[in-house]
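Labels below follow one simple rule: chain letters A, B, ... track the order of the sequence lines, proteins then strands, and each chain is numbered from 1.
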Amino acid sequence: MGDPASAPAIRDSLFRPDFLRYADKVNKRSNPFTSFQTDKPLLRLAEKQAKLAKLIIEEDVIVDWEKIAGVDAAYVGDRAYAACVVVDRSGRVVSEGSAEYEACFPYVPSYFYYREGPALAAVVRGLDFDVLMVNAHGVAHPRRLGLASQLGLELDKPILGVSTSLLIGEVKRRGEGISDVFLDGSLVGVRLDGGPPIIVSVGHMVSLGNAASIVEALWRKVGLPRPLALAHERARKQRRPRVSDLRNTLQIAWS
DNA sequence: GCGACAG
DNA sequence: ATCTTGTCGC
């Protein structure tokens, strides 16, 4: 597909149950090893990301942040249920919204924006906030353009990324409860320790220092910062009821 | 050269 | 992310 390192992820996507019927037809129609053609889509996307990365502003564009929004999405197959929750500095919910979107791209590390970005952009539309936070990386990305950064460019809004695991970079302890994340010698993020660690990186139009302080103000040393935790919860509730969820309802009805 | 790889 | 029961521990 134009990015050898993504082969495992692509393979996993193609072997999902809902893709098997297509795989069967493809195999009978031609020999994929001799008649395979590609315009290397991932290579084109990677080049676009590298180009867009130059537009990222890693400085504060806002002086005051009052409304902080968190966005997240839950899935049923490729159906994305996106949610956005806006809170004030004290963590109180100011407003929230929901959206559904049919993802048309598989999850491939370093191309996460192309799967989840559209759903997140859709749910954010129409909501008012100063800073957005998303469950992903920003500039702590192979081409300095993680979902947080790419979404920030699209929305033209201040945004930061929060993640529980590292995509790329080296972690070096800075002090008590905080570590730096370096990529090619430059600082691309910080890891907040003192509990299950979370990694904060610049998305767009916000400094790393301010991004970290915003997160710390809404984080209780465990789990995700409040806006993201609330968005995550809301997104999951939006999904169609599944068997495991119905069980609780039935138990209540029977008791 | 091989492997690592957000949600 | 999602599939999933009970279980170990503060």
Would you check if the distance from the ring center of Y81(A) to the ring center of Y75(A) is below 6.0 Å?
no

Where along residues 158-167 of chain A does a heavy atom fall under 4.0 Å from DNA chain B?
S163(A), T164(A), S165(A), L166(A), L167(A)

Using a strict threshold of under 4.0 Å (side-chain N to carboxylate O), is an ion pair present between R115(A) and D78(A)?
yes

Should L192(A) and K221(A) be marked as a side-chain contact (heavy atoms from CB on, under 4.5 Å) after you check the CA-CA gap, both sets of side-chain angles, and the distance that decides it?
CA-CA 8 Å; L192(A) 304 180; K221(A) 302 277 187 187; over 6 Å; no

Dot-bracket encoding of pairs in DNA chain C, which uses [ ] for pseudoknotted crossings and | for another strand, Watson-Crick or G-U under 3.5 angstrom:
..........

Applying salt bridge (Lys or Arg N to Asp or Glu O under 4.0 Å), run through D180(A) and R174(A) and close with a yes or a no.
CA-CA 6 Å; D180(A) 290 322; R174(A) 181 205 294 179; 2.8 Å; yes

Set out, in order, the CA-CA distance, both residues' side-chain angles and the distance that settles side-chain contact (heavy atoms from CB on, under 4.5 Å) for N135(A) and L224(A), then state yes or no.
CA-CA 9 Å; N135(A) 211 324; L224(A) 293 169; 3.1 Å; yes

Identify, residue by residue, the members of residues 180-193 of chain A with a heavy atom below 4.0 Å from DNA chain B, and return them in order of residue number, or none.
none

Test side-chain contact (heavy atoms from CB on, under 4.5 Å) on E154(A) and S149(A) and set out the steps.
CA-CA 9 Å; E154(A) 180 185 346; S149(A) 296; over 6 Å; no

Watson-Crick and G-U pairing of DNA chain B, under 3.5 Å, as dot-bracket with | and [ ]
.......

Categorize Y111(A) for me: base, sugar-phosphate, or nothing, with a 4.0 angstrom heavy-atom threshold over every strand shown.
base

If you measure from CD1 on I56(A) to CG on L153(A), what distance do you get to the nearest 0.5 Å?
3.5 Å

Pair S186(A), R144(A): side-chain N/O donor-acceptor within cut-off below 3.5 Å
yes

Results of side-chain hydrogen bond (donor to acceptor under 3.5 Å, both in side chains) for D64(A) - residues two or more places apart only:
R89(A)

Does R236(A) make a side-chain N or O approach to OP1 or OP2 of dT2(C) shorter than 4.0 Å?
yes

Between the protein and nucleotides 7-10 of chain C, list every N/O to N/O distance that falls short of 3.5 Å.
none

At a heavy-atom distance below 4.0 Å, what parts of residues 136-154 of chain A sit against DNA chain B?
A136(A), H137(A), H141(A), G146(A), L147(A)

Sugar-phosphate, base or nothing in reach of Y75(A), heavy atoms under 4.0 Å
sugar-phosphate

Span of DNA chain B, from the first to the last nucleotide whose atoms fall under 4.0 Å of chain A heavy atoms
dC5(B) to dG7(B)

Mind checking what makes salt bridge (charged side-chain N to carboxylate O under 4.0 Å, His left out) contact with R234(A), not counting sequence neighbours?
E96(A)

Rounded to the nearest 0.5 Å, how far apart are CD of Q150(A) and CG of L155(A)?
11.0 Å

Full working for side-chain contact (heavy atoms from CB on, under 4.5 Å) between L183(A) and V139(A):
CA-CA 9 Å; L183(A) 181 56; V139(A) 297; over 6 Å; no

Going by the angle between their ring planes, with limits at 30° and 60°, are F112(A) and Y107(A) parallel, tilted or perpendicular?
perpendicular

Counterpart residues, ring pair (Phe, Tyr, Trp, His ring centres under 6.0 Å), relative to Y113(A) (two or more places apart):
none

Return a table of donor-acceptor pairs under 3.5 angstrom between the side chains of residues 159-170 of chain A and protein atoms on other chains or two or more places apart.
| residue | atom | partner | partner atom | Å |
| --- | --- | --- | --- | --- |
| S163(A) | OG | H137(A) | NE2 | 3.3 |
| S163(A) | OG | S165(A) | N | 3.2 |
| S163(A) | OG | S165(A) | O | 2.8 |

To the nearest 0.5 Å, atom CG of D72(A) lies from atom CE of M133(A) at 12.5 Å

Does R143(A) qualify as a cation-pi partner of Y111(A), given the criterion of NZ or CZ under 6.0 Å from the six-membered ring centre and within 45 degrees of its axis?
yes

Presence of salt bridge, K51(A) and E47(A), under 4.0 angstrom
no

Across all chains, not counting sequence neighbours, the side-chain hydrogen bond (donor to acceptor under 3.5 Å, both in side chains) partners of D128(A) are K67(A)

Does atom CD of E66(A) have more than 12 heavy-atom neighbours, drawn from other residues, nucleotides or ligands, at distances under 6.0 Å?
yes

